[in-house]
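All values below come from the heavy atoms of this structure, side chains included, with hydrogens, waters and symmetry mates left out.
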Amino acid sequence: MDFFRVLQVLLLGLSFGFLLQFAIRLLEPLPERLRPLRYLPSTLLLLWALGPVFLGLTWSPSLASWHPQASALARYLLGLPGGLLSAYALRAHARRNIAPLEAPQVVRSLRVAGIATAGYALVGGLVVPRVPFFPGNVLNEALLAELGFPAPIFRSILGLVLLVAMVRSLEVFDMEVERRLEAMEQANILALERERIRRELHDRTLQQLYAAGLLAQAIKEEKGLPPAASQLLDDMLLILDRATEDMRLLLSTSHLLSGPSTLGELVREVVKDPRFAAALEVGTHIEVPDLRVDAETAGQVAAILSEALSNVVRHSRAKQAWVEALAGEGRIVVQVRDDGNGIPPGTGPGVGLRSMRERARLLGGDLEIESAPGQGTTVRLLLPRPREEG
């Protein structure tokens with residue numbers, strides 16, 4: 001019998017400790033100033049275990065006198081703050097995370113659960129068996145029983161209300177499953193449409209650009225052309241070559257728009273492109289956490305990297321290139337370095353460089369170019385570091 005009395009007190013304290021931990025988890029992510037609250041459940045549980053439990057058992061004259069006192073202190077120290085904080089956390093969670101899902105029935109259920117939890121905190125954490133210290137010597141189960149309000153009945157009713165409210169709030173999981181299925185269906189439709197457009201661009205538009213370039217080249221090779229016409233054809237060939245290269249770049253990076261991925265995966269995917277891997281040795285150095293990037297960001301970053309590597313292959317005469325992704329203080333650095341000839345002095349920014357700068361601007365970042373004759377070139381993309389999910 002003594003063993004079960006001790007076990008009952010220990011389970012009571014543990015249950016209240018878990019209730020307090022539940023409240024802290026619901027409130028996450030916590031602001032910086034409140035992060036020490038993560039250690040509150042374990043701290044209070046340890047204090048209760050060392051004080052009322054261990055020392056109480058050691059110094060108490062009898063188990064009969066220790067049992068109600070240790071139970072009361074478990075309710076005061078763990079049950080009352082755990083219940084009140086859980087009530088607040090349930091309402092805050094409903095307002096912050098459930099209300100945006102447009103699920104008013106779930107929000108109402110969580111609010112009812114919060115009210116029931118607050119009531120249970122008062123009846124279960126404040127109203128205790130009669131003990132020889134305040135407030136248990138004034139407000140206790142015996143007093144409520146004399147007034148006709150048995151505390152165990154109130155706890156049972158509040159527990160039943162809490163159970164029903166929490167079961168009804170589980171509807172949010174059904175809503176989440178439906179939302180994810182709908183998102184997957186939409187993503188599949190977009191992927192199929194994107195693949196259709198990709199095939200259309202490859203099979204028709206790209207071939208037409210290539211044919212137009214061949215035709216312009218054939219006209220240019222005709223004898224007797226005026227110098228002005230020959231210059232116009234040179235300009236036309238340059239524009240067509242650029243348009244063809246841009247189209248190939250778009251086609252090579254379009255598969256990265258199918259959905260979010262991590263930045264590291266994105267860099268490795270671009271480096272594996274045969275256009276670069278076959279022309280020079282490309283090394284990677286990735287020191288970023290598993291930061292996920294959305295489809296738009298993935299496409300822009302991939303285009304910048306592909307353009308930078310294409311410039312290395314076409315112009316630098318480099319033997320090696322390195323693609324690095326590094327996490328800095330408040331920002332992400334993605335850069336391409338090579339051991340080539342560098343950018344000749346006096347060379348103005350071309351269409352490709354202007355395009356990269358514009359893409360960086362759209363991402364809220366910046367593009368830096370470092371180059372010296374014979375010492376290679378570094379193209380550095382600076383991006384604001386996304387906020388990590390809590």
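- Crowding of Arg25 atom CZ: a count of heavy atoms from other residues, nucleotides or ligands under 6.0 Å not exceeding 12.
- Side-chain contact between Val9 and Leu12 is absent, with no heavy-atom pair separated by less than 4.5 Å.
- The heavy-atom pair separating Ala151 from Val127 by the smallest distance is CB-CG1, 4.0 Å.
- To the nearest 0.5 Å, the span separating OH on Tyr120 from CD1 on Ile157 amounts to 13.0 Å.
- Both Leu84 and Tyr88 belong to a single network of hydrophobic side chains, linked directly or stepwise wherever heavy atoms of I, L, V, M, F, W or Y lie under 4.5 Å apart.
- Under the 4.5 Å side-chain heavy-atom criterion for ILVMFWY residues, no single connected hydrophobic cluster contains both Val112 and Val106.
- Formation of a donor-acceptor pair under 3.5 Å by the Ser371 side chain with backbone atoms of Ile343 is found in this model.
- Atom CG of residue Leu215 and atom CE of residue Met236 lie 8.5 Å apart, to the nearest 0.5 angstrom.
- Here the OG-CD distance, from Ser306 to Glu269, works out to 10.5 Å after rounding to the nearest 0.5 Å.
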Give the C-alpha distance, both sets of side-chain angles, the deciding distance and a yes or no for side-chain contact (heavy atoms from CB on, under 4.5 Å) between Val301 and Thr297.
CA-CA 6 Å; Val301 173; Thr297 302; 4.0 Å; yes
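- Minimum heavy-atom separation, Ala318 to Val312: CB-CG1, 3.9 Å.
- In this structure the side chain of Pro41 reaches within 4.5 angstrom of the side chain of Ile24, judged on heavy atoms.
- When atom types are taken as modelled, the side chain of Thr117 and the backbone of Ser86 share no donor-acceptor pair closer than 3.5 angstrom.
- Between Phe133 and Tyr76, the ring planes lie perpendicular to each other; the angle is over 60°, past the 30° to 60° tilted range.
- Hydrophobic clustering (side-chain heavy atoms under 4.5 Å, transitive across Ile, Leu, Val, Met, Phe, Trp, Tyr) keeps Leu160 apart from Leu90.
- Between Leu280 and Gln320, every side-chain heavy-atom pair lies at or beyond the 4.5 Å cut-off.
- The closest donor-acceptor contact from the side chain of Ser230 to the backbone of Pro227 lies at 3.5 Å or more, if one exists at all.
- For the atom pair Leu77 CG and Thr43 OG1, the distance stands at 10.5 Å (nearest 0.5 Å).
- Using a 4.5 Å cut-off on side-chain heavy atoms (C-beta onward), Asp2 and Val6 make no contact.
- Of all heavy-atom pairs spanning Pro68 and Ala64, the tightest one is CD-O, 3.0 Å.
- Around the CZ atom of Arg331, the shell of radius 6.0 Å holds no more than 12 heavy atoms that belong to other residues, nucleotides or ligands.
- Looking only at distances, no side-chain donor or acceptor of Asp366 sits under 3.5 Å from a matching main-chain atom of Leu382.
- When all heavy atoms of Gly124 and Arg155 are compared, the closest pair comes out as CA-NE, 3.5 Å.
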Begin with the C-alpha distance, continue with both residues' side-chain angles, and end with the deciding distance and a verdict on side-chain contact (heavy atoms from CB on, under 4.5 Å) for Ile98 and His93.
CA-CA 7 Å; Ile98 307 302; His93 180 74; 4.0 Å; yes
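- In this structure, the side chains of Val334 and Glu324 stay at 4.5 Å or more apart for every pair of heavy atoms.
- Leu57 and Leu78 fall within a single hydrophobic cluster, where Ile, Leu, Val, Met, Phe, Trp and Tyr side chains are chained together by heavy-atom contacts under 4.5 Å.
- Taking the side chain as every heavy atom from C-beta outward, Val164 and Val167 never approach each other to under 4.5 Å.
- When atom types are taken as modelled, the side chain of Thr58 and the backbone of Phe54 share a donor-acceptor pair closer than 3.5 angstrom.
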Before giving the answer on side chain to side chain donor-acceptor pair (under 3.5 Å), spell out for Ser60 and Ser65 the whole-Å C-alpha distance, their side-chain angles and the decisive distance to 0.1 Å.
CA-CA 7 Å; Ser60 180; Ser65 63; 3.0 Å; yes
Please determine whether salt bridge (Lys or Arg N to Asp or Glu O under 4.0 Å) holds for the pair Arg314 and Glu307, giving the CA-CA distance in whole Å, both sets of side-chain angles, and the decisive distance to 0.1 Å.
CA-CA 10 Å; Arg314 290 197 303 260; Glu307 179 67 32; 3.7 Å; yes
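- Here the closest heavy-atom approach between residue Val293 and residue Ala298 is recorded as CG2-CB, 4.2 Å.
- Counting only heavy atoms from C-beta outward, the side chains of Val138 and Phe134 approach each other to under 4.5 Å.
- Under the 3.5 Å distance criterion, the side-chain polar atoms of Trp322 are left unmatched by any main-chain donor or acceptor of Gln335.
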Starting from the C-alpha separation in whole Å, work towards a yes-or-no answer on side-chain contact (heavy atoms from CB on, under 4.5 Å) for Val323 and Leu309.
CA-CA 9 Å; Val323 180; Leu309 287 170; 4.1 Å; yes
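- No donor-acceptor distance shorter than 3.5 angstrom exists from the side chain of Arg337 to the backbone of Val379, with no hydrogens or angles considered.
- When all heavy atoms of Pro52 and Ala70 are compared, the closest pair comes out as O-CB, 4.2 Å.
- A distance-only check finds no donor-acceptor pair linking the side chain of Asn341 to the backbone of Gly376 [under 3.5 Å].
- Enclosure of atom CD in Glu281 is not indicated, since only 12 or fewer non-hydrogen atoms of other residues, nucleotides or ligands lie within 6.0 angstrom.
- Heavy atoms of other residues, nucleotides or ligands lying less than 6.0 angstrom from CZ of Arg317 number 12 at most.
- The shortest side-chain heavy-atom distance between Thr377 and Ile369 falls under the 4.5 Å cut-off.
- With hydrogens and angles left out, the side-chain atoms of Gln69 and His67 include no donor and acceptor closer than 3.5 Å.
- Atom CD1 of Ile219 is separated from atom CG of Leu232 by 11.5 Å, given to the nearest 0.5 angstrom.
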Apply side-chain contact (heavy atoms from CB on, under 4.5 Å) to the pair Arg359 and Leu363, showing each step before the final yes or no.
CA-CA 6 Å; Arg359 291 180 186 277; Leu363 293 175; 5.7 Å; no
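- Val131 is connected to Leu122 through a chain of hydrophobic side-chain contacts under 4.5 Å among Ile, Leu, Val, Met, Phe, Trp and Tyr, so both are in one cluster.
- Under 4.0 Å is where a charged nitrogen must lie from a carboxylate oxygen, and between Arg380 and Glu370 at least one such pair does.
- Rounding to the nearest 0.5 angstrom, the gap separating the CG atom in Leu26 from the CZ atom in Arg91 is 13.5 Å.
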